[in-house]
Amino acid sequence: MDVSTTLWVLTIVGLAALIAVDFFIGRKPHDVSIKEAGIWTVVWIVLAAIFGLGLLVFGGGQPAGEFFAGFITEKSLSVDNLFVFVLIMAKFSVPSQYQQRVLLIGVLIALVLRAVFIAAGAAILSSFAWVFYIFGAFLIYTAWKLIQEARADESEEEWEENKLLKAAERRFGVADRYHGTKLWIEQNGKRVMTPMLVVMLAIGTTDVLFALDSIPAIFGLTQDPYIVFTANAFALMGLRQLYFLIGGLLKKLVHLSYGLSVILGFIGVKLVLHALHESGVHVPEISIPVSLGVICSVLIVTTITSLMASKKQAAAEAAQTAQKETEGAPQDSVEAGRPQA
């Protein structure tokens, strides 16, 4: 797409206005209900759909298809990120009424840093076509790694702070408790960070690490920086509400890692084919409609099989519990019938 500077400015201003409205509505710390999270999740998805339809009308089918494929991919990857967000919240014992503020600021930090990543990635790809090979190989490796982790069935019980966060804590110091939504306080004559600021930085910097997977993935679907940025923006800005909406369902998506590995592997192959095509090798290229169909199909199948597996596991656990109760009942009856000394 030929995107003018004016359109870039209007888009950024529009997104900033939406973020400001979201921040204004949720400015007062409170526990987010399922209803509130559901309404805002639908709002963000509808806004993304309207934006995609706008691209269809003014830009044609190709940009619109690339946006929807990128948005769905980024959204599905962000759901996997929510597992880590849950661990971070538990690590820092964030009070429930402050969690939405933490997620909002953390996502904003991630959005700004991702914009830098996107600009750098676009500049590199426009100058060095061979980078597509690196991106493709990296995504295929990530897909294999996800499968290995899923087969190992090992989940981290506690999130570990990264080196950058530890360095900031040593440099500025951290208060021993939360002070509302304050980020800095005076303690013993020294200005120190509050746990609120630390957890916001943890969310933001951790999401940047996730960008190492998602940015190459979306560049495998489109090389248009405008579409890459807007797809990331809409996927990230709805992440806060999604956290509260499906937080209880995350453990039921037991096959999500397998689905994401298929998607990342597919996009990795697509990138390698594109790189070969750019190098003059006659190989088939995967179109956007095919990419969109594969991504949606994998996510639908993954969700269905995950829910079926979770339901089967819950039934098995219930049967085991009932069996234990049944086996313990006669012994309890004997003990109850014995005369007291």
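- Contact of the Pro63 side chain with the Phe58 side chain is not registered, since no non-hydrogen atoms from C-beta on lie closer than 4.5 Å.
- Hydrophobic clustering of Ile, Leu, Val, Met, Phe, Trp and Tyr side chains at less than 4.5 Å, counting indirect connections, unites Leu201 with Val174.
- Hydrophobic clustering (side-chain heavy atoms under 4.5 Å, transitive across Ile, Leu, Val, Met, Phe, Trp, Tyr) keeps Leu10 apart from Trp8.
- Taking OG of Ser257 as the start and CD1 of Ile147 as the end, the distance is 10.0 Å to the nearest 0.5 Å.
- Considering all non-hydrogen atoms of both residues, Val192 and Ala175 come closest at CG2-N, 4.1 Å.
- Ring geometry for Phe234 against Phe51 counts as tilted: the plane angle lies between 30° and 60°, on a 0 to 90° scale.
- With rounding to the nearest 0.5 Å, the separation of CG in Leu139 from OG in Ser261 is 12.0 Å.
- The OG atom of Ser306 sits 10.5 Å away from the CG atom of Leu299 when rounded to the nearest 0.5 Å.
- Taking both residues in full, the closest heavy atoms of Phe138 and Pro216 are given as CD2-CG, 4.5 Å, listed atom of the first, atom of the second, then distance.
- Judged by distance alone, with hydrogens and angles left aside, the side-chain atoms of Thr222 form no donor-acceptor pair with the main-chain N or O of Glu66 at under 3.5 Å.
- If you take CG on Leu197 and CZ on Phe172, they are separated by 9.0 Å, rounding to the nearest 0.5 Å.
- No side-chain donor from either of Thr194 and His179 sits under 3.5 Å from a side-chain acceptor of the other.
- Taking CG of Leu276 as the start and NE2 of His274 as the end, the distance is 10.5 Å to the nearest 0.5 Å.
- Under the 4.5 Å side-chain criterion, counting only non-hydrogen atoms from C-beta, Leu183 is not in contact with Met193.
- A 4.5 Å side-chain heavy-atom check between Ile19 and Leu111 finds at least one atom pair inside the cut-off.
- Between the CH2 atom of Trp184 and the CE atom of Met196 there is a distance of 14.5 Å, given to the nearest 0.5 Å.
- Using the six-membered ring where Trp is involved, Phe219 and Phe135 have ring planes that are tilted, between 30° and 60° apart.
- Annotation: side chain of Ile118 is not in contact with side chain of Ile218 (no heavy-atom distance under 4.5 Å).
- Hydrophobic clustering (side-chain heavy atoms under 4.5 Å, transitive across Ile, Leu, Val, Met, Phe, Trp, Tyr) keeps Leu292 apart from Leu56.
- A single hydrophobic cluster is not seen to contain both Val112 and Ile203; linkage of ILVMFWY side chains at heavy-atom distances under 4.5 Å, directly or through other members, places them apart.
- Partners of Leu7 under the side-chain contact (heavy atoms from CB on, under 4.5 Å) rule, at least two apart in sequence or in another chain, are Val3, Ser4, Thr11, Tyr226.
- In plain terms, the two heavy atoms of Phe68 and Gly52 that are nearest each other are CZ-CA, 3.6 Å.
- For the pair Trp44/Leu47, a side-chain contact is recorded, criterion being any heavy-atom separation below 4.5 Å from C-beta on.
- The shortest side-chain heavy-atom distance between Phe266 and Val298 does not fall under the 4.5 Å cut-off.
- A 4.5 Å side-chain heavy-atom check between Val301 and Tyr258 finds every atom pair outside the cut-off.
- When all heavy atoms are compared, the tightest approach of Pro284 to Leu273 is O-CD1, 3.5 Å.
- Within the 4.5 Å cutoff, the side chain of Pro195 has heavy atoms near those of the Tyr178 side chain.
- For the residue pair Ala309 and His255, the shortest heavy atom distance occurs at CB-CE1, 3.9 Å.
- Taking both residues in full, the closest heavy atoms of Glu74 and Ala231 are given as CB-O, 4.5 Å, listed atom of the first, atom of the second, then distance.
- Between the Ser297 side chain and the Val294 main chain, no donor and acceptor come within less than 3.5 Å of each other.
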